[in-house]
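What follows is a single structure, written as structure tokens, with notes after it.
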Amino acid sequence: MKRSQTVRMQVQRVVLNSRPGKNGAPVPEHFRLEQVTLTPDLKDGEVLVRTLYLSVDPYMRCRMNEDTGAEYLTPWQLSECVDGGGVGVVESSRCSSCIVGDVVTSFNWPWQTCAVITGSGLQKLDPQLVDGHLSYFLGAVGMPGLTAMLGVREKGHVTKGAKQTMVVSGAAGACGSIAGQIGRLEGCVRVVGICGSDEKCKALVEDLGFSAAINYRHEDVPARLKESCPDGIDVYFDNVGGAISDSVIAQMNKGGHVILCGQISQYNKDVPYPPPLSEEIQENLRSKNITRERFMVLNYMDKTDAALWELSQWVKSAQIKVLETVVNGIENMGVAFCSMMTGGNIGKQIIKISE
């Protein structure tokens, strides 16, 4: 590619405008949309990418704080471009591993309509793995899908023929909606989801094949768990923490397993991660010999390639159904993030930036 000193591009980006504070809920005004001039005069190893899709995820709430509370997460800086999971296409390249037209992804994709990125930080994607549904690389065949699959397999101890019952909280979210389906595919005879609306309950049962679904906002969770899980609970995929998780753990069987994936109900509070449990719940875990180990997909990166391929085959064969909530336009990133944090999405929350 010829280098040019005169080419200028007007691009839009999202920066962190202010912090909510450790005990505050995020609002769209914490983000600011800016227009900046990009000079795509590439250095060796760099590529110009056009953003197709961006992701918002619960862990990002921690990045809004000055101290994320997690050694593997860096905080977003005030007045600087926000970043996260993204998928885009290479527009020009001075990197030997990327050519024009390549579809690529990164865990640290800038929230910009176009960006200059070091090619070594990008991963090339095969659109055939998702039958051209490129947004799936941010959900079912991306980090949420990996978290669901490896969480169930590494911490859930699901055994075919053991007639196990699994409960999933945050069951209509990006990770929970996949985790419940994987639990069923791996051999659980009963999978019950907990979510926050009747619409979500209907989607879990009718679209995703859950055995039952509980609306925690309007139903008596302990009573509905007893009704939906008559043989007790063997595996709990925990995305939310708090009172809901306490109710599930109280009805777990001896030798059960809690997959501690997320605690979204606690992310707007100044508490350590994982948040402390009451003495009663701790005693419940001890007396029933229930394992509750923190799960981090980053500890299993050696298994990701095989897992992503398997996820893609399940999705392509419709053994796993994919739900998405898609919002259009980079100007809506803050709205989409805050909506996701309060359960406004069904399935994976995606922001479409360009065609």
Side-chain angles (χ1 to χ4, degrees), residues 13-33 53-86 106-111 138-139 142-144 146-148 151 169-177 179 194-196 216-217 237-245 259-276 294-298 325 327 330 332-351:
R13 70 175 188 175
V14 177
V15 303
L16 186 65
N17 193 42
S18 57
R19 300 188 191 277
K22 284 192 172 183
N23 287 304
V27 294
E29 290 72 28
H30 287 124
F31 300 94
R32 183 174 75 246
L33 184 69
Y53 297 99
L54 291 172
S55 172
V56 289
D57 301 280
Y59 79 87
M60 293 175 171
R61 174 61 185 86
C62 307
R63 299 192 68 191
M64 297 183 79
N65 299 332
E66 280 188 85
D67 177 7
T68 65
E71 66 284 351
Y72 59 93
L73 287 179
T74 56
W76 288 330
Q77 298 302 313
L78 288 173
S79 296
E80 290 191 8
C81 188
V82 178
D83 68 306
S106 171
F107 196 55
N108 301 109
W109 195 285
W111 287 11
L138 297 176
M143 198 59 75
L146 282 174
T147 302
S169 57
C175 183
S177 62
I194 303 174
C195 57
Y216 73 87
R217 295 185 198 273
F237 200 103
D238 185 6
N239 286 307
V240 303
I244 288 173
S245 290
I259 305 162
L260 182 53
C261 180
Q263 303 279 279
I264 194 170
S265 72
Q266 308 297 301
Y267 288 170
N268 292 329
K269 302 174 184 177
D270 187 9
V271 294
Y273 187 89
R294 182 178 179 181
F295 173 75
M296 283 176 52
V297 73
L298 296 176
T325 299
V327 169
I330 196 168
N332 292 313
M333 290 296 299
V335 171
F337 173 74
C338 296
S339 174
M340 178 272 307
M341 286 295 297
T342 55
N345 55 300
I346 298 182
K348 174 66 186 162
Q349 178 72 67
I350 294 288
I351 302 85

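Here, residue 1 is the first one in the sequence, and each next residue gets the next number.
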Measure the shortest side-chain to side-chain distance between [X] and [Y] over non-hydrogen atoms and say whether it is less than 4.5 angstrom.
{"X": "Arg61", "Y": "Phe337", "answer": "yes"}
{"X": "Asp83", "Y": "Trp76", "answer": "yes"}
{"X": "Cys338", "Y": "His30", "answer": "no"}
{"X": "Ser245", "Y": "Val240", "answer": "yes"}
{"X": "Val335", "Y": "Phe31", "answer": "no"}
{"X": "Lys348", "Y": "Ser177", "answer": "no"}

Euclidean distance, [Y] [atom2] relative to [X] [atom1], rounded to 0.5 Å:
{"X": "Asp57", "Y": "Cys175", "atom1": "CG", "atom2": "SG", "result": "10.0 Å"}
{"X": "Leu54", "Y": "Ile330", "atom1": "CG", "atom2": "CD1", "result": "6.0 Å"}
{"X": "Asn17", "Y": "Leu33", "atom1": "CG", "atom2": "CG", "result": "11.0 Å"}
{"X": "Cys195", "Y": "Ile244", "atom1": "SG", "atom2": "CD1", "result": "9.5 Å"}
{"X": "Ile259", "Y": "Thr147", "atom1": "CD1", "atom2": "OG1", "result": "11.5 Å"}
{"X": "Arg13", "Y": "Met333", "atom1": "CZ", "atom2": "CE", "result": "14.5 Å"}

Write down the atom of [X], the atom of [Y], and the distance for their closest heavy-atom approach.
{"X": "Arg32", "Y": "Ser79", "result": "NH2-OG, 3.8 Å"}
{"X": "Met60", "Y": "Gly84", "result": "CE-CA, 3.8 Å"}
{"X": "Cys81", "Y": "Pro110", "result": "SG-CB, 3.9 Å"}
{"X": "Val82", "Y": "Val15", "result": "CG2-C, 3.8 Å"}
{"X": "Phe237", "Y": "Cys261", "result": "CE2-CB, 3.6 Å"}
{"X": "Met340", "Y": "Val56", "result": "CE-C, 3.9 Å"}

Considering residues, nucleotides and ligands other than Gln77, do more than 12 of their heavy atoms fall under 6.0 Å from its CD?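 For Gln77, atom CD is crowded (more than 12 foreign heavy atoms under 6.0 Å).
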Using the six-membered ring wherever Trp is involved, compare the ring planes of Phe107 and Tyr59 and label them parallel, tilted or perpendicular (cut-offs 30° and 60°). parallel
When you measure from the side chain of Arg217 to the backbone N and O of Gly196, does any donor-acceptor pair fall under 3.5 Å?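 Side chain of Arg217 to backbone of Gly196, a donor-acceptor pair under 3.5 Å: yes, one is there.
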Quick check: does any side chain N or O of Thr68 sit under 3.5 Å from a backbone N or O of Thr74, one acting as donor and the other as acceptor?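 No, the answer is negative, given that no donor and acceptor are paired below the 3.5 Å cut-off.
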Output yes when Asp238 and Arg294 qualify as a salt bridge under the 4.0 Å nitrogen-oxygen rule, no when they do not.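 Salt bridge between Asp238 and Arg294, a charged N being under 4.0 Å from a carboxylate O: no.
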For Ser18, what residues pass the side chain to side chain donor-acceptor pair (under 3.5 Å) criterion, not counting sequence neighbours? none
